[in-house]
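As structure tokens, the structure follows; a few thoughts come after it.
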Amino acid sequence: MFTPDEQHIIDQAAAIFAKKIKTCDAFTSPDLVKGFCQTRLATSEREIFLLLILDNQHRLIEAVELFQGTIDGASVYPREVVKSILKHNGAACIIAHNHPSGVATPSNCDRRITKRIKDALALIDVRTLDHIVVSVEETYSFAEHGII
């Protein structure tokens, strides 16, 4: 989709975003979180599931790409999400993934896995703040739509 030069520029922007995001409280701003996720995921040709692990002040501890899939799906396992949260001692999280198709509307599968992850994390007192679906041109926030 992008030329090598364009992809290089996108990669540089993602690196700058990642560096800056670690030094501020950006994860209290939905627009900045969506921008971070979009910059990180939107240009991938396969689905990637990203877990943003946050402390109790909603500052980023770690951004972990937990799962990769194909052009139209990825297998996501709540057990692995829980393990990663515990490993990094997270208090809250935001989950995100991309839709290489270009349409950021969540599928029924997206809705089901969000509920499963949220329920699993609730058992260990970890808050799931949002699930963001991104494409090159748009983002969809479950929290902004009252789903999570």
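FYI, side chains are in, hydrogens and waters are out, and symmetry mates aren't considered; it's all heavy atoms of this structure. None of these values were measured; they are calculated from a predicted model.
- Using a 4.5 Å heavy-atom cutoff, the side chains of C109 and R112 are in contact.
- Here the side chains of L121 and R127 are not in contact, with every heavy-atom distance at 4.5 Å or above.
- Between the side chain of E45 and the backbone N or O of I71, no donor-acceptor pair lies under 3.5 Å.
- I117 and V126 fall within a single hydrophobic cluster, where Ile, Leu, Val, Met, Phe, Trp and Tyr are joined by side-chain heavy atoms under 4.5 Å apart, directly or via other members.
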Could you go through the side chain to side chain contact (heavy atoms under 4.5 Å, CB included) check for I85 and L51 one step at a time? CA-CA 9 Å; I85 293 279; L51 176 63; 4.2 Å; yes

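- A heavy-atom distance below 4.5 Å is not found between the side chains of V76 and L66.
- Side-chain atoms of H88 come within 3.5 Å of backbone atoms of S84 as a donor-acceptor pair (strictly under, hydrogens ignored).
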I9 vs D11, test: side chain to side chain contact (heavy atoms under 4.5 Å, CB included). Steps then yes/no. CA-CA 5 Å; I9 292 168; D11 293 343; over 6 Å; no

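- Taking 4.5 Å as the limit, some side-chain heavy atom of I53 sits within range of a side-chain heavy atom of V64.
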Under the side chain to side chain contact (heavy atoms under 4.5 Å, CB included) criterion, do T70 and R46 qualify, and how do the steps go? CA-CA 5 Å; T70 61; R46 64 178 63 199; 5.7 Å; no

Run C93 and L129 through side chain to side chain contact (heavy atoms under 4.5 Å, CB included) and show every step you take. CA-CA 6 Å; C93 74; L129 303 178; over 6 Å; no

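- In this model, a donor atom of one side chain and an acceptor atom of the other lie less than 3.5 Å apart for H97 and D110.
- Rounded to the nearest 0.5 Å, atoms CG (N98) and CZ (F49) are 11.5 Å apart.
- At a threshold of 4.5 Å between non-hydrogen side-chain atoms, the residues T114 and I147 do not count as touching.
- Heavy atoms only, all atoms of each residue included: V82 and A120 are closest at CG2-CB, 4.0 Å.
- To the nearest 0.5 Å, atoms CG (D55) and CZ (R59) are separated by 4.0 Å.
- Counting non-hydrogen atoms of other residues, nucleotides and ligands closer than 6.0 Å to OH of Y77 gives a total of 12 or fewer.
- The environment of CG in L86 is crowded: more than 12 heavy-atom neighbours from other residues, nucleotides or ligands sit within 6.0 Å.
- When all heavy atoms are compared, the tightest approach of N89 to I61 is O-CD1, 4.0 Å.
- Ring geometry for H131 against F142 counts as parallel: the plane angle stays under 30°, on a 0 to 90° scale with 60° as the upper cut.
- For residues 132-148, every residue pair satisfying the side-chain hydrogen bond (donor to acceptor under 3.5 Å, both in side chains) rule, not counting sequence neighbours, is listed here: K34-E144, D130-S141.
- Applying the side chain to side chain donor-acceptor pair (under 3.5 Å) rule to H8 yields the partners Q12; only residues at least two apart in sequence or on another chain are considered.
- Between H99 and E47 the shortest side-chain heavy-atom distance falls below 4.5 Å.
- Hydrophobic clustering of Ile, Leu, Val, Met, Phe, Trp and Tyr side chains at less than 4.5 Å, counting indirect connections, keeps I148 apart from V81.
- Here the side chains of C37 and L52 are in contact, with some heavy-atom distance below 4.5 Å.
- More than 12 heavy atoms of other shown residues, nucleotides or ligands fall within 6.0 angstrom of atom CZ in R111.
- No side-chain heavy atom of L50 sits under 4.5 Å from any side-chain heavy atom of I95.
- In the hydrophobic clustering of this structure, L60 groups with V33; members are Ile, Leu, Val, Met, Phe, Trp, Tyr whose side-chain heavy atoms approach within less than 4.5 Å, directly or through other members.
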